[in-house]
Amino acid sequence: MKKIFALVDCNNFYASCERVFEPKLENRPVVVLSNNDGCIIARSNEAKALGIPMGAPLFKNEDFLKQHNVAIFSANFALYGDLSGRVMDSLEDFTPHVDVYSVDEAFIDLSGIPGDLIAHGTVLKDTVRRWTGIPLSVGIAPTKTLAKLANRLAKKTPDANNVFSLLDQKRRRDILAATDVSKLWGIGRNITPKLNELGIFTALDLHNAPIDIIRKRFGATIMRTVYELRGEPCIELEEQPPDKKTIIFTRSFGHMVTSHDELKEAVSTFATRAAAKLRRHGLLTGCLWVSAQTNHYNTFDEQCRDAISMPFTQPTDHTGALVKATLAGLARLYRPGYRYKRAGVMLFDLIVKERYAPSLFDAPGTERNDQLMKALDTINHTLAAPGCDAVQFGGAGIHANWRMNQTRLSRRYTTRWADLPVVKA
DNA sequence: TCTGGGGTCCTAGGACCC
DNA sequence: TCTGGGGTCCTAGGACCC
């Protein structure tokens, strides 16, 4: 049976999330900022039409945004994560084969579905919108790479109504000829000029390129892209999310940090967050990595960017162990006199806790620690306020100087009782 | 004053082994 | 003068994605 994929993508996802519980924002330009209220990372269609670029720093655009009555939000990832889950659950009603590709995208399998697939995609899109409030686009094609392109066209083609199919071969050829090769999934800004050197400018050029040359010059990944453009699927649907390999928690600070004490508080907090995430995924870490760096945009400051990894003698998910290792690492890389802007904690060598067989030499007391961590997670899940745990280890501290700027945060409408929307009838 | 964060995969080359 | 060859593992760095 011939394979058919669809890529379902939420339109301007973060901006759309902000609109779900504030319908008066409909038709008004909306932007969402990165952590620390730094850059613009999501824009509604109206904001895009104003010419606001992706990734633009807020401080360079604040006047312009005000002038055009743009609604500005700090990133509210608790809200976006929850709404994402609702969209993905809704998709399961249409096909059991859902491959969640990112927070706002999923590939689904439409192989063997009888009838008009455009009509099917339209029903899907309209239903999910009704159930979740989130607008979607659907791209339909014989491979994932072509489905990505179809999705792009679903959004860009005015009369497509957010559903587009590339199943028709003749039409596909014309579209590939009109598509810049850099717009394809997997072709980034470094590969594009190298392809151009070979005379490959459009998606059709790449589709027609000799496989052996592409393989030799660009490797197996781009070779797969060529096959996929030809309609031969090389990238399968992944219904089981692969095991996590790293957990990363890095943040820029709200203000410059120079003291060791304050840096300690920051990285302890990051380690605490990373540990909670580790437990949420049922994993143990074998090695932790701490980093701290100055503000590389500030050319007057002396720059540094240091990192150190701290292996554990036995894999752990205990907050205390992670904080301890983090602080030991920090003590070794901290340099007095530098103005730090950013720090982070990364966990790797992750293993599934259930599958871990403790060694004879492991330290005792693991079970008691597990119970303590469980209690900690439960309390914080129930009581925590935004960006601040209810219960924490002492090292995470009470200073607030390093904490992120988040002055335009919307409420966590769907994940905190206190933030539930109120309806007045 | 103010410029995000979290991830994966692939490849080349060195070390080491037989 | 002549100085193999194949395999694996690891790591760093590059490239991509959202």
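In the text below, chain A, chain B and the rest are named by the order of the sequence lines, each starting its count at 1.
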Chemist: What residues form a side-chain hydrogen bond (donor to acceptor under 3.5 Å, both in side chains) with A:R305, not counting sequence neighbours?
Modeler: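 side-chain hydrogen bond (donor to acceptor under 3.5 Å, both in side chains) list for A:R305, sorted by chain: empty.
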Chemist: Which residues in residues 66-83 of chain A have a heavy atom closer than 4.0 Å to any atom of DNA chain C?
Modeler: none
Chemist: Hey, is A:D82 close enough to A:R412 for a salt bridge, meaning N to O under 4.0 Å?
Modeler: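 Judged by the 4.0 Å cut-off on N to carboxylate O distance, A:D82 and A:R412 do not form a salt bridge.
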Chemist: Does A:K277 have a side-chain nitrogen or oxygen under 4.0 Å from the phosphate oxygens OP1 or OP2 of B:dG7?
Modeler: yes
Chemist: In whole Å, I'd like the distance from the CG atom of A:D37 to the C1' atom of B:dG4.
Modeler: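 My rounded result for the distance is 11 Å.
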Chemist: Between the main-chain N or O of A:R86 and the side-chain N or O of A:D89, is there a donor-acceptor pair closer than 3.5 Å?
Modeler: no
Chemist: Give every pair of a protein N or O atom and an N or O atom of nucleotides 8-13 of chain C that lie under 3.5 Å apart, one pair per line with the distance.
Modeler:
none

Chemist: Can you tell me how far P in B:dC17 sits from the matching atom in C:dT3, rounded to whole Å?
Modeler: 24 Å
Chemist: Report yes if the distance between the aromatic ring centroids of A:Y413 and A:F21 is under 6.0 Å, otherwise no.
Modeler: yes
Chemist: Kindly list each side-chain donor-acceptor pair under 3.5 angstrom involving residues 52-63 of chain A, sequence neighbours excluded, with atom names and distances?
Modeler:
residue: A:N61; atom: ND2; partner: A:P57; partner atom: O; Å: 2.7
residue: A:E62; atom: OE2; partner: A:R408; partner atom: NH2; Å: 2.9

Chemist: Taking the basic N atoms (NZ, or NE/NH1/NH2) and the acidic carboxylate oxygens, is any pair closer than 4.0 Å for A:E236 and A:K144?
Modeler: no
Chemist: Report which part of the nucleic acid A:D104 touches: base, sugar-phosphate, or nothing (heavy-atom distance under 4.0 Å, all strands).
Modeler: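 Since only primed, P, OP1 and OP2 atoms lie under 4.0 Å of A:D104, the category is sugar-phosphate.
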Chemist: Counting side-chain heavy atoms from C-beta on, which of B:dG7, C:dC17, B:dG4 comes nearest to A:I248?
Modeler: B:dG7
Chemist: My understanding is that only residues two or more places apart in sequence, or in another chain, count here; which of them pass side-chain hydrogen bond (donor to acceptor under 3.5 Å, both in side chains) with A:S34?
Modeler: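 Listed in chain order: nothing, the list is empty.
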Chemist: Taking atom C1' of C:dC17 as reference, at what distance in whole Å does atom CZ of A:F107 sit?
Modeler: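 Computing the A:F107:CZ to C:dC17:C1' distance gives 11 Å.
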Chemist: Let's see if you get this right: which residues in residues 187-201 of chain A place a heavy atom under 4.0 Å from DNA chain C?
Modeler: A:I187, A:G188, A:R189, A:N190, A:I191, A:K194
Chemist: If I take atom NE2 in residue A:H255 and atom C1' in nucleotide B:dC2, what distance separates them, rounded to the nearest angstrom?
Modeler: 10 Å
Chemist: Rounded to the nearest angstrom, tell me the gap between atom CZ in A:R403 and atom P in B:dG4.
Modeler: 20 Å
Chemist: With nearest nucleotide decided by heavy atoms, which residue, A:E62 or A:F249, maps closer to the 5′ end of DNA chain B?
Modeler: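 Of the two residues, A:E62 wins.
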Chemist: Restricting to side-chain hydrogen bond (donor to acceptor under 3.5 Å, both in side chains), what partner residues turn up for A:N12, sequence neighbours left out?
Modeler: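 If we apply the side-chain hydrogen bond (donor to acceptor under 3.5 Å, both in side chains) test to A:N12, skipping adjacent residues, the hits are A:N45, A:K48.
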Chemist: With sequence neighbours left out, which residue pairs that include part of residues 207-231 of chain A fulfil the side chain to side chain donor-acceptor pair (under 3.5 Å) condition?
Modeler: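 For residues 207-231 of chain A: A:T145-A:E228.
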Chemist: So, OP1 or OP2 of C:dC18: does either fall under 4.0 Å of a side-chain N or O from A:K148?
Modeler: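 A:K148 to C:dC18 OP1/OP2: side-chain N or O found under 4.0 Å.
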Chemist: Using the C1' atom in both, what is the distance from B:dC16 to C:dG4, to the nearest Å?
Modeler: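 Approximately 16 Å lies between the C1' atom of B:dC16 and that of C:dG4.
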Chemist: Are any of the side-chain nitrogens in A:K277 or A:D317 under 4.0 Å away from the carboxylate oxygens of its partner?
Modeler: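 Here A:K277 does not pair with A:D317 in a salt bridge, since their nearest N and O are not under 4.0 Å apart.
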Chemist: So, does A:K245 get its side chain near the phosphate of B:dG7, meaning an N or O under 4.0 Å from OP1 or OP2?
Modeler: no
Chemist: Which nucleotide, B:dG4, B:dG6, B:dT3, lies nearest any side-chain atom of A:I41?
Modeler: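 Selected nucleotide: B:dG4.
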Chemist: Rounded to whole angstroms, how far apart are CE on A:M346 and C1' on B:dG7?
Modeler: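 Nearest whole value for this atom pair: 10 Å.
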Chemist: Side chain of A:K341: nearest nucleotide among B:dT3, B:dG7, B:dG6?
Modeler: B:dT3
Chemist: Quick one: are the ring centres of A:F73 and A:Y14 less than 6.0 Å apart?
Modeler: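 No, the ring centres sit 6.0 Å or more apart.
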Chemist: With DNA chain B as reference, determine whether A:N36 or A:G219 sits nearer its 5' end, using the nearest nucleotide of each.
Modeler: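 Its nearest nucleotide being more 5', the pick is A:N36.
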Chemist: Not counting sequence neighbours, list each pair that qualifies as a side chain to side chain donor-acceptor pair (under 3.5 Å) and has a residue in residues 173-183 of chain A.
Modeler: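 Residue pairs passing side chain to side chain donor-acceptor pair (under 3.5 Å), neighbours aside: A:K170-A:D174, A:D180-A:S182.
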Chemist: Report yes if a side-chain nitrogen or oxygen of A:Y297 is closer than 4.0 Å to either non-bridging phosphate oxygen (OP1 or OP2) of B:dG4; otherwise report no.
Modeler: yes
Chemist: Need one value for A:E105: base, sugar-phosphate or nothing, where a base atom within 4.0 Å counts as base even if backbone is also close, heavy atoms only.
Modeler: sugar-phosphate
Chemist: Base, sugar-phosphate alone, or nothing: which one does A:I40 contact when heavy atoms must sit under 4.0 Å apart?
Modeler: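 No contact.
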Chemist: Report yes or no: do A:S137 and A:D9 form a side-chain donor-acceptor pair below 3.5 Å?
Modeler: no
Chemist: Can you name the residues that form a salt bridge (Lys or Arg N to Asp or Glu O under 4.0 Å) with A:R335, not counting sequence neighbours?
Modeler: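 Partners of A:R335 under the salt bridge (Lys or Arg N to Asp or Glu O under 4.0 Å) test: A:D306.
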Chemist: Whole Å only: how far is the CZ atom of A:R224 from the P atom of C:dA15?
Modeler: 17 Å
Chemist: What is the separation between atom CZ on A:F59 and atom P on B:dT1, rounded to the nearest whole Å?
Modeler: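 Roughly 10 Å, once rounded to whole Å.
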Chemist: Measure from OH on A:Y14 to P on B:dG4 and round the result to the nearest Å.
Modeler: 15 Å
Chemist: Restricting to side-chain hydrogen bond (donor to acceptor under 3.5 Å, both in side chains), what partner residues turn up for A:T294, sequence neighbours left out?
Modeler: A:Q303
Chemist: By nearest atom, which of the nucleotides B:dT3, B:dG6, B:dG4 is closest to the A:S34 side chain?
Modeler: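 Comparing B:dT3, B:dG6, B:dG4 against the side chain of A:S34, the answer is B:dG4.
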Chemist: Please tell me whether A:R251 and A:N36 have a donor and an acceptor in their side chains that are separated by less than 3.5 angstrom.
Modeler: no
Chemist: Report the secondary structure of DNA chain B in dot-bracket form, marking unpaired bases with a dot and bases paired to a different strand with |, and treating Watson-Crick or G-U pairs with both distances under 3.5 Å as paired.
Modeler: ....||||||||||||||
